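Data first, discussion second: the structure below is written as structure tokens.
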Amino acid sequence: MFRLDEKVALVTGAGSGIGRAVALLFARRGARVVVADVDEAAARETCDLGGEHALLLLPAQVDVGDEQSVARLFERVANEIGELDILVNNAGVSHVGNVEATGLEDFQRLFRVNVQGVFLCTRAAIPLFQKSDGGVILNMASVASLIAVPDRFAYGMTKGAVLSMTHSIALDYVGQGIRCNAICPTRVHTPFVDDFIAKNYPGEEALKLEELS
């Protein structure tokens, strides 16, 4: 059983789903966790779910695609905690459609959160890692980073970019004790995914997707 005693972790998109599960697990393993989400109420709910570990959790609102919002978050971490050991870039959004069915607004929305968000948070975290003589970056990519998934053009594009960034960051910073890795899961039934299926695949089509999961 791994322990994260005395470690400080920041998890984006920690208001629900995978991010919430990671934040709560890290807290149970002894880490102090910054629970960051665009929905501050959801971030606070994650902290409330921490039970006896709730005091190890700090809720924070952030829009990962906005440079100033990310800067404020990491300034808060630097001022209130003073260090950072782990960054989990988990925040993300999705879209259904091939290239013809992907509008520019959809493309830009996914790029802003899924790619620009990873870039901004990683760039802001590295000075804190350097101050601590090392750190860990964990990027949430997807099986869509590795293989084509039907009707996930924009989503696959962004997750492919996340995987490529992971390789570049790992190579550039390993000599400074900063490790960067990615996880590439298939579909995980989180509230985000279930709501997404319900909205985009109504009725029998949703049931077929459930059976294939």
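The structure displayed is predicted, hence computed values, not measured ones. Residue numbers count from 1 along this sequence.
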Return the [atom1] to [atom2] distance between [X] and [Y], rounded to the nearest 0.5 Å.
{"X": "Asn90", "Y": "Met140", "atom1": "CG", "atom2": "CE", "value": "5.0 Å"}
{"X": "Glu75", "Y": "Arg72", "atom1": "CD", "atom2": "CZ", "value": "8.5 Å"}
{"X": "Arg32", "Y": "Asp85", "atom1": "CZ", "atom2": "CG", "value": "8.5 Å"}
{"X": "Gln116", "Y": "Arg109", "atom1": "CD", "atom2": "CZ", "value": "14.0 Å"}
{"X": "Gln68", "Y": "Leu120", "atom1": "CD", "atom2": "CG", "value": "10.0 Å"}
{"X": "Ile86", "Y": "Phe26", "atom1": "CD1", "atom2": "CZ", "value": "5.0 Å"}

If two hydrophobic side chains count as joined below 4.5 Å and joins carry through other members, does [X] share a cluster with [Y]?
{"X": "Met157", "Y": "Val99", "value": "yes"}
{"X": "Val118", "Y": "Val77", "value": "yes"}
{"X": "Ile169", "Y": "Val70", "value": "yes"}
{"X": "Leu58", "Y": "Val62", "value": "yes"}
{"X": "Leu128", "Y": "Phe119", "value": "yes"}

Is Glu52 paired with Arg28 through a side-chain N to carboxylate O contact shorter than 4.0 Å?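 Answer for the salt bridge query: no.
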Can you tell if the side chain of [X] reaches within under 4.5 Å of the side chain of [Y], non-hydrogen atoms only?
{"X": "Phe74", "Y": "Cys121", "value": "yes"}
{"X": "Asp37", "Y": "Thr12", "value": "no"}
{"X": "Ile137", "Y": "Phe129", "value": "yes"}
{"X": "Leu138", "Y": "Leu87", "value": "no"}
{"X": "Asn114", "Y": "Tyr155", "value": "yes"}
{"X": "His53", "Y": "Leu56", "value": "yes"}
{"X": "Ile178", "Y": "Gln130", "value": "yes"}
{"X": "Ile183", "Y": "Asn139", "value": "no"}

Main-chain N/O of [Y] paired with [X] side-chain donor or acceptor, under 3.5 Å:
{"X": "Ser145", "Y": "Lys159", "value": "yes"}
{"X": "Arg20", "Y": "Ala42", "value": "yes"}
{"X": "Thr166", "Y": "Val162", "value": "yes"}

Could you walk me through whether Val93 and Arg112 pass the side chain to side chain contact (heavy atoms under 4.5 Å, CB included) check? CA-CA 10 Å; Val93 293; Arg112 182 181 183 277; over 6 Å; no
Taking all non-hydrogen atoms of both residues, which atom of [X] and which atom of [Y] are closest, and how far apart?
{"X": "Ala54", "Y": "Cys47", "value": "CB-O, 3.4 Å"}
{"X": "Leu163", "Y": "Cys184", "value": "CD1-SG, 4.3 Å"}
{"X": "Ala23", "Y": "Val35", "value": "CB-CG2, 4.2 Å"}
{"X": "Leu84", "Y": "Ala9", "value": "CD1-C, 4.1 Å"}
{"X": "Ser94", "Y": "Leu110", "value": "O-CD1, 3.7 Å"}

Quick check: are there more than 12 heavy atoms from other residues, nucleotides or ligands sitting under 6.0 Å from CD of Glu80? yes
Would you say Arg179 has more than 12 foreign heavy atoms packed within less than 6.0 Å of its CZ?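 No, not enclosed.
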Using a distance-only test with no angle check, is there a side-chain donor-acceptor pair under 3.5 angstrom linking Asn89 and Thr122? yes
Evaluate the side chain to side chain donor-acceptor pair (under 3.5 Å) criterion for residues Ser69 and Asp63: first the C-alpha distance (whole Å), next the side-chain angles of each, then the deciding distance (0.1 Å), finally the verdict. CA-CA 6 Å; Ser69 180; Asp63 175 357; 5.8 Å; no
Report the C-alpha distance between Leu4 and Phe2 in whole Å, list the side-chain angles of each, state the deciding distance to 0.1 Å, and finish with yes or no for side chain to side chain contact (heavy atoms under 4.5 Å, CB included). CA-CA 7 Å; Leu4 295 172; Phe2 72 91; 3.7 Å; yes
Show your reasoning for whether side chain to side chain contact (heavy atoms under 4.5 Å, CB included) applies to Ile81 and Val34. CA-CA 10 Å; Ile81 303 177; Val34 180; 3.7 Å; yes
Could you walk me through whether Arg123 and Glu67 pass the salt bridge (Lys or Arg N to Asp or Glu O under 4.0 Å) check? CA-CA 10 Å; Arg123 188 180 64 172; Glu67 185 174 18; 2.7 Å; yes
